[in-house]
Amino acid sequence: VLMHIHLLLKTQDFESAQSYFDKLSDQAKALPFSRGLLAQLQLQGNNSQLAQVNLEAAYSAHPTPQNANLMYQIIEKNKGPKPAYEFLQKHVRQNSNDQANLMRLANLQLGLSRDLAIQSYQTAVKLNQNNFIAHNNLAYLFMEKNDLEPALEHAERANEIRPADVNVLDTLGAIQLKRGKHEIALEHFKIAVENMDDNINDVIYVNYIEALLANGQTTLAKRKIEQHKVNDNNAKSKLAELESKYF
């Protein structure tokens, strides 16, 4: 029955899950796993304080990736982002193989400390050499530090794992532009733009225009500017800079 409730919660059938939970014996309801299920139901009922008490019991008995993620969410809701971040840090230290929450921590660190984010992503790729997101983010972070050798190494590894991914191609292109390899950069950006189809990412599109201009393809760059209206503010700002520099 408990696993059935668990599956109902995963499919967000909260009404059925509550109905099954209500029928459990008091002994079954007192189990740590059951208290974790109850916490999820209480969260849906906006009873986050009680939910945290029950989830703490569930997490203490079973510090699983899912329980840790729920704990992070509920602490953030009840106490704010800093205590939630501190909880996640502690959890990852104590559960070094939890890749999902390690990645969650690294993503949070992107806005807090680039050096800490690099450490977390490096740990992530040690745990899983095929984690293309970690490789790509490491490539971007090293590029930001102008450390282009490890940046290129991680970007190429990400591209081996996921060769059609537009974000990976964008990172590769940006690194090659910084390395002065303009033709190679343009190849990556061209494929990225082709792979976007109708769902155009403005930032990547403007990076493609930059690569065209760096390769002296001014006429084509002008045509590409006319073909797509850029709405993203950061991309618009960069495009204005490019137009001022090249036209």
*So, does H135 use its side chain to make a donor-acceptor pair with the main chain of Q129 at under 3.5 Å?*
yes
*asked:* Looking at every non-hydrogen atom in both residues, tell me the closest pair between N131 and A124 and how far apart they are.
replied: ND2-CB, 4.1 Å
*Does CG belonging to N199 count more than 12 external heavy atoms closer than 6.0 Å?*
no
*Write out all pairs satisfying salt bridge (charged side-chain N to carboxylate O under 4.0 Å, His left out) with one or both partners inside residues 137-155, taking only residues at least two apart or from two chains.*
R114-E144, D115-K145
*asked:* For a quick test of reading the model, state the closest non-hydrogen atom pair linking N67 to H62 and the distance between them.
replied: ND2-O, 2.8 Å
*Please name all residues satisfying side chain to side chain donor-acceptor pair (under 3.5 Å) with N107, sequence neighbours left out, ordered by chain then number.*
Y121
*Report the distance from atom NZ of K23 to atom NZ of K29, rounding to the nearest 0.5 Å.*
11.5 Å
*For the residue pair L110 and L141, establish whether any side-chain heavy-atom pair is separated by less than 4.5 Å.*
yes
*Would you indicate whether Y20, at its atom OH, is surrounded by more than 12 heavy atoms from other residues, nucleotides or ligands within a distance under 6.0 Å?*
no
*Is it the case that D170 and N207 place a side-chain donor and acceptor less than 3.5 Å from each other?*
yes
*asked:* According to ring-ring contact (aromatic ring centres under 6.0 Å, His included), does anything in residues 225-247 pair up with another residue at least two apart or in another chain? List the pairs.
replied: Y205-H228
*So, Q40 and Q44: side-chain donor and acceptor under 3.5 Å apart, yes or no?*
no
*Can you name the nearest heavy-atom pair linking L55 to G36, along with the distance?*
CD1-CA, 4.4 Å
*Heavy-atom pair with the smallest gap, counting every atom of S34 and F21*: O-CE1, 3.4 Å
*So with a 6.0 Å cut-off around NZ of K181, is the heavy-atom count from everything else above 12?*
no
*Salt bridge check: are R223 and E226 linked by an N-O gap of less than 4.0 Å?*
no
_Check ion pair E194-K190 (N to O, under 4.0 angstrom)_ = yes
*Check A151 against I175 and note the closest heavy-atom contact, atom names and distance.*
O-CD1, 3.4 Å
_Any side-chain donor near an acceptor of the partner, H91 and D98, under 3.5 Å_ = yes
*For N215 and E183, does a side-chain donor sit closer than 3.5 Å to a side-chain acceptor?*
no
*Does Q94 CD have over 12 foreign heavy atoms under 6.0 Å away?*
yes
*asked:* Given 3.5 Å as the limit, does a donor-acceptor pair link the side chain of K178 with the main chain of M143, or not?
replied: yes
*Indicate whether any N or O donor in one side chain lies under 3.5 Å from an N or O acceptor in the other, for R157 and N130.*
yes
